[in-house]
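Contents: one structure, followed by commentary.
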Amino acid sequence: MAFNAPRGTADILPDEQPHWELIRRTAASVAERFGYRRIDTPAFEDTSLFKRGVGEETDVVQKEMYTFEDLGGDSLTLRPEGTAPVCRAYIEHGMASWPKPVRLYYVEPMFRYERPQAGRFRQFHQFGVEAFGDTSPQVDVEVIELGWLFLRELGLKGLSLRVNSIGDSIDRPRHLQALRAYYAQHADELPKVDRDRLQRSPLRLLDSKEPESQALAERAPRSVDYLSDANRVRWDQTLRLLDSLKSVYPEMDYAVDHRLVRGFDYYTHTVFEIEPSGAQGQSTLLGGGRYDGLMEALGGQPTPGTGFAAGLERLVLNLRKQTPAESSGTGVQVVAVALGDAASQKVVEIAAALRARGVATVIAPSGRPMRDQLRFANSLSAKYALIVGQKEIERGVATLKLMDAEGGQSEIGLDVHAVLAAIGQRAAH
RNA sequence: GUGAGCGUCGCUCAGCGGCCUAGGGCGUCAGGCUGUGAACCUGAAGGUCGAGGGUUCGAAUCCCUCCGCUCACCCCA
C-alpha cells in the first residue's frame, strides 16, 4: 500500500519553491520596512487560548480545530490562526513594557479541519502582522497600506479592497439587535439555509450567497449607523486616511462594504479584506481588522491591537495564474566531470574548493562514460562542465566547457584559482 | 457535515456502442558515438486500468458498494 500526504495537505516540490520564496522574502521585506519584527510561536497552544480568543461560538472553534490530549493529559490544539498566539506571547513576555506600538509579523503554518477545496487546505500558511498598544486609526490604515504594498510588490494586479466598521462592544449588540429585528420581519422571504442562520449568527446573513438574502442585505441595518459619536468620528478619520494613500496608490480604489463581516469574535471597529476583483469562492487573499478587546479576554492588560493575515496558498494560486510555467533551474554553476580514479580524486578536491568559495558545484556520477556525465551536466542546466581526464592529469591541466549552444571549451590550470578566474567568479573569502 | 464531477504507467492524455496480449506524448534508463551535452535515431523498463463485488463466454469499458481526488455549500486565508 502506498502512503499519500494527508487530506488537505500538500508537498511543496522544488519547482514550486520560487513562488514561495518570493512570497516569504517579500513579506519580510515589506513588514520590516514598516518597522515590524518577526515572531515565531509554537505550532500548538493550550486549547483554551483559542476558545477564549477566537470565540467559543465560532465555526473554527466549534468544528475545525485539531485538538489532542498529550501524554501528560493537557489539551492542546494545532493553531488555527495566528493572532491569539501572538497576543499570548505579548502577555507572557511583558511586551506591555516595550515602546508602543509593538509591531510584529509572522509567516507560519496554520491548521483547520475543513473539507479542502480550491484555496482551502487543512494545513495552510499565513503571513500576518499585528500592531499592539495604539488605538489610532492611523495604525489601522498603516496595516492596510502594508498589506496593499505587499500584494503589489508580489506583482498581483486587479485587487480590490473592501472596508467596514463594526463598532465596539457597545455598538455591536445594538446593531445585532436591529439586524435580528429586521430579519425577523422578513423571515418568510429568506431561503431555508438563511432562516437557520438567523438563529446562529445574523451577521452571516449579510454576506449570504442566496439571491433573496442579498437583496434583503442591501436594505439591512448598517453597522456604521450604530456607531457611537466617537466611533463615528474615528471611522470618518479612517476613511480620510485611506483617501490620503491614493496619491501613492492610485489603483487602490477601496469600497466601503456594509456587508463585510468577519469570522472571529474578536474584531472591533475597522475590518477589511483584499481579494482579486471579480473573483468567486475562497478568494480572500488578505483580511484583518482591529481587535481591541482580545488581549483582555486572554488575561492581559487591556491593549488595543490591529492586524491582518494573508493566505500564502491563495497567493501562490494567483501568482501561478499570472506567471505560469516557471521552470526553475537547479542553480548549479559547475558540474565536475572526472574520467578515471586519479582524475576523480583531483575533482573532489577542486569541487570542494569551489564550494568553499561560494560556487555551486556538483560532481557528475563517477565511473560513467563522459557522454553520460555531460548529459548529466546538461540536465542540471549547469553553466560549465569542468572536465578532468587522464590526458588532463598527465599534462596538469583541466578542460572547461561552456554548456551553451556553441559548447566552446578551453584549457585551464588544474586548480581552483584557474577555474575561478575562467568563470569570472570572485572568491567569497 | 451536505451536494456534484472525476479516478488508465512518474507526469499528461487516448481507449469507455464490451474481445486490449491496454496505447501515445513527456520524463527515466540504455544504445547509436568505449573523451564531448542539449538536437536526432533506435530500443527498454514502467500499469493487479483506485479497491471489492456483480452482470457476461468475455469488463479499463455495463451495474452496485467502498476509498481517494477535485469542485461547490457551511465557513474562511
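Within every chain, numbering begins at 1; the chains are lettered A, B, ... in the order of the sequence lines, protein sequences first and strands thereafter. Bear in mind that the values here come from a model prediction, so they are computed numbers and not experimental data.
At whole-Å resolution of the value, CD in A:Gln373 and C1' in B:U34 are 13 Å apart. A straight line from CZ of A:Phe376 to P of B:C29 spans 10 Å, rounded to a whole angstrom. Rounded to whole Å, atom P of B:C76 lies 19 Å from atom CZ of A:Phe308. When the P atom of B:G1 is taken as reference, atom CD of A:Glu64 falls 13 Å away, rounded to whole Å. Residue A:Glu411 contributes atom CD, which lies 17 Å from atom P of B:G35 at whole-angstrom precision. For A:Glu108 and B:A77, the CD to P distance is 16 Å, given to the nearest whole Å. Atoms CG (A:Leu203) and P (B:C76) sit 10 Å apart, rounded to a whole Å. Residue A:Asp265 contributes atom CG, which lies 14 Å from atom C1' of B:C76 at whole-angstrom precision.
Taking a 4.0 Å limit (strictly below) on heavy-atom distances, residues 383-393 of chain A reaches RNA chain B at A:Ile387, A:Gly389, A:Gln390, A:Lys391, A:Glu392.
For the P atom pair drawn from B:C41 and B:G24, the interatomic distance equals 15 Å after rounding to whole Å. Straight-line distance between the C1' atoms of B:A60 and B:G18: roughly 10 Å, to the nearest whole Å. Straight-line distance between the C1' atoms of B:C67 and B:A14: roughly 26 Å, to the nearest whole Å. Nucleotides B:A39 and B:A77 place their C1' atoms 46 Å apart, quoted to the nearest Å. Distance check on atom C1': B:A59 versus B:G17 gives 14 Å, rounded to whole Å. The separation of B:G23 from B:C33, taken at their C1' atoms, amounts to 32 Å, rounded to a whole angstrom. Taking the P atom of each, B:G5 and B:C64 are spaced 12 Å apart, rounded to whole Å. Spacing of C1' atoms, B:G3 relative to B:C29, comes out at 46 Å, to the nearest Å.
Residues passing the ring-ring contact (aromatic ring centres under 6.0 Å, His included) test with A:His417: none are found, sequence neighbours excluded. Remark: A:Thr67 pairs with A:Thr77 by the side chain to side chain donor-acceptor pair (under 3.5 Å) rule, at least two apart or across chains. For A:Thr303, the side chain to side chain contact (heavy atoms under 4.5 Å, CB included) test picks out A:Tyr90, A:Phe132, A:Met295, A:Gln301, with sequence neighbours left out. Partners of A:Phe44 under the side chain to side chain contact (heavy atoms under 4.5 Å, CB included) rule, at least two apart in sequence or in another chain, are A:Phe68, A:Leu76, A:Leu78. Residues satisfying the salt bridge (Lys or Arg N to Asp or Glu O under 4.0 Å) test with A:Arg355, not counting sequence neighbours, are none. The ring-ring contact (aromatic ring centres under 6.0 Å, His included) test applied to A:Phe124 returns no partner, not counting sequence neighbours.
With hydrogens and angles ignored, the 3.5 Å screen pairs no side-chain donor or acceptor of A:Ser379 with any backbone N or O of A:Ala377. Remark: side-chain polar atoms of A:Thr26 are paired, donor with acceptor, to backbone N or O of A:Leu22 under 3.5 angstrom. Side chain of A:Arg174 to main chain of A:Tyr226: a donor-acceptor pair is present (N/O by atom type, distance under 3.5 Å, no hydrogens or angles).
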Check: protein-nucleotides 38-41 of chain B nitrogen or oxygen pairs below 3.5 Å:
| unit_1 | atom_1 | unit_2 | atom_2 | d |
| --- | --- | --- | --- | --- |
| B:A38 | OP1 | A:Arg375 | NE | 2.8 |
| B:A38 | O4' | A:Asn378 | ND2 | 2.5 |
| B:A38 | N1 | A:Ala405 | O | 3.1 |

Could you go over nucleotides 3-9 of chain B and give all protein N or O partners under 3.5 Å, atom names and distances?
| unit_1 | atom_1 | unit_2 | atom_2 | d |
| --- | --- | --- | --- | --- |
| B:G3 | O6 | A:Arg115 | NH2 | 3.3 |

Begin with the C-alpha distance, continue with both residues' side-chain angles, and end with the deciding distance and a verdict on side chain to side chain contact (heavy atoms under 4.5 Å, CB included) for A:Tyr291 and A:Thr83. CA-CA 9 Å; A:Tyr291 44 89; A:Thr83 301; 3.7 Å; yes
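Using a 4.0 Å heavy-atom criterion, one finds that A:Gly119 contacts the bases of the nucleic acid, with or without backbone contacts as well. Residue contacts for A:Glu81: at a heavy-atom cut-off of 4.0 Å it reaches no nucleic acid atom on any strand shown.
Not a single donor-acceptor pair, N or O on each side, falls under 3.5 Å between the base of B:C76 and the side chain of A:Arg204.
Each salt bridge (charged side-chain N to carboxylate O under 4.0 Å, His left out) pair with one or both residues in residues 394-405 of chain A, not counting sequence neighbours, appears once here: A:Arg395-A:Glu411. The stretch residues 177-206 of chain A participates, sequence neighbours left out, in these ring pair (Phe, Tyr, Trp, His ring centres under 6.0 Å) pairs: A:Tyr182-A:His186. The salt bridge (charged side-chain N to carboxylate O under 4.0 Å, His left out) analysis of residues 83-92 of chain A, with sequence neighbours excluded, yields the pairs A:Glu45-A:Arg88, A:Arg88-A:Glu92.
Of the candidate nucleotides B:C73, B:G35, B:C75, B:G35 has the atom lying nearest to any side-chain atom of A:Met370. Checking B:C71, B:G31, B:A77 against every side-chain atom of A:Gln117, the shortest atom distance belongs to B:C71. Nearest to the side chain of A:Arg112, among B:A77, B:A30, B:U36, sits B:A77. The side chain of A:Leu339 has B:G35 as its nearest neighbour among B:G35, B:G37, B:A77. When distances are taken from the side chain of A:Arg368 to each of B:C33, B:A30, B:A77, the shortest belongs to B:A30.
Put simply, A:Arg371 has no side-chain N or O that comes within less than 4.0 Å of OP1 or OP2 on B:A30.
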